[in-house]
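One structure is given here, and the rest of the page talks about it.
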Protein chains: 2
Amino acid sequence: MPKKTELVLDDTDHRLLDELQDDAGRTLRELGEIVGLSPSAVQRRVERYRSSGLLARTAAVLDPTFSPDLVLAVCLVSVERESRRLHEAFHRRLLAAPEVQQVYAVYGEWDYVVVLAASGMAHHGEISTRLLMDAPNVRKYTTLFVLDPIRIGSTIPTGALRT
Amino acid sequence: MPKKTELVLDDTDHRLLDELQDDAGRTLRELGEIVGLSPSAVQRRVERYRSSGLLARTAAVLDPTFSPDLVLAVCLVSVERESRRLHEAFHRRLLAAPEVQQVYAVYGEWDYVVVLAASGMAHHGEISTRLLMDAPNVRKYTTLFVLDPIRIGSTIPTGALRT
DNA sequence: TTCGGCACGCAAAAATATTGCGCCAATCTG
DNA sequence: CAGATTGGCGCAATATTTTTGCGTGCCGAA
């Protein structure tokens, strides 16, 4: 469902996407100087990423050290594998919560990896109860509390992109 | 080290930061309509976040489904707990690799959660061997391959921010 | 070789971001 | 308690950036 036009990415696109993932707050002129294009050419490329769905959105990244009460946790979740309907309901439930940073469906003993960000332990307890413990099809889960968020971010290696 | 001015955040700031984390690609006018401020007032607030360091940067978020060869994996790592020196060497080793998306030090049975992004299975094998198997103080690790990256991102709940 | 399509740069136009200014409310200060 | 000060606001002018129209040149296919 994302692919619209079969977009082809050249080397310049890769560099541009790398730069945008690193800092999307620059002007078209600055980006153009980096990759060797005019502002309008950069604009048209970026517009193509956007309309194709490759570029999903641009987001502000806050410094986590500004929230001393922040509680990060990695939850491993195992669910009843029966109903597709319940699966989707579980997805929606997770995605609706702003505290849910990441959700990965994984192979193996566990079914989901969920990263939660809460403000304070009480908050964490509340949302993990609501999202996981009270979920109808969650069989079991375990919580790994984060001691130190050594690195956060979600930069996709552009080499992996469809050329 | 982050605090420059002791910045105070009111309710409007929280809403604004939420919106910026969700989509920073909107105009000051649109943001102003959402939070009930004029464009210039919004601009001044955002500038305050920036100069204080709270707002670290704004980044483009790509849709991972556009890279068919992308192999995401969540690795749970247990290390020998002895030397601090080895710990730091392990950190450095991980942070130096661009394929390492996230690293969390966690409490409990496991010591680290590492999210890897590779282009292709061969690539994945290569980096997990280099980063984990060959590391001197890694005792054991297990790999959870990602079937579906349902949500990625790193949004901090604004309630956790220092007021 | 010629014809299209495509991406480019340039320049004009539209929109947005930035800044100066006066105003008001809340808070100090004497 | 009154006057002064500070901080944030909206408005409007200005500066900058984004967007779009247009002509050009470079391939690839006929």
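Atom set for the values below is all heavy atoms of this structure, side chains included, hydrogens, waters and symmetry mates excluded. Model, not experiment: these values are computed from the prediction. Every chain is numbered from 1, with letters handed out A, B, ... down the list of sequences.
D/dC11 atom P lies 15 Å from atom CG of B/L28, rounded to whole Å. One atom, CZ of A/R26, and another, P of D/dT18, lie 12 Å apart when rounded to the nearest Å. When the P atom of C/dC10 is taken as reference, atom CZ of A/R29 falls 14 Å away, rounded to whole Å. A/D13 has its CG atom 14 Å from the C1' atom of C/dC6, to the nearest Å. One can place CG of A/L31 at 14 Å from P of C/dG9, the figure rounded to the nearest angstrom. When the P atom of D/dC26 is taken as reference, atom CG of A/D10 falls 18 Å away, rounded to whole Å. Summarising the geometry, the separation between OH on A/Y49 and P on C/dA7 is reported as 11 Å, rounded to the nearest angstrom.
The distance from the CD1 atom of A/I156 to the OG atom of B/S67 is 5.0 Å, given to the nearest 0.5 Å.
Using a cutoff of 4.0 Å between basic side-chain nitrogens and carboxylate oxygens, A/E47 and A/R44 are not scored as salt-bridged. Look at A/R29 and A/E33 and you find a salt bridge, because one of the NZ, NE, NH1 or NH2 atoms lies within 4.0 Å of a carboxylate O, short of that distance.
A donor-acceptor pair under 3.5 Å is formed between the side chain of A/R26 and the backbone N or O of A/E19. Proximity of a side-chain donor or acceptor of A/R57 to a complementary backbone N or O of B/V61 within less than 3.5 Å is not detected.
Near-neighbour residues of DNA chain C inside residues 15-25 of chain B, defined by a heavy atom below 4.0 Å, are absent. Using a 4.0 Å cutoff on non-hydrogen atoms, the parts of residues 33-47 of chain B near DNA chain D are B/L37, B/S38, B/S40, B/A41, B/R44, B/R45, ordered by number.
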Exercise. Passes side chain to side chain contact (heavy atoms under 4.5 Å, CB included), A/V79 versus A/V138? Steps please.
Worked result: CA-CA 4 Å; A/V79 301; A/V138 168; 4.3 Å; yes

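Applying the salt bridge (charged side-chain N to carboxylate O under 4.0 Å, His left out) definition to pairs two or more places apart or across chains, those involving residues 86-111 of chain B are B/R81-B/D111, B/R84-B/E88, B/E109-B/K140.
In this structure, B/H87 and B/Y112 have tilted ring planes: the angle between them lies in the 30° to 60° band.
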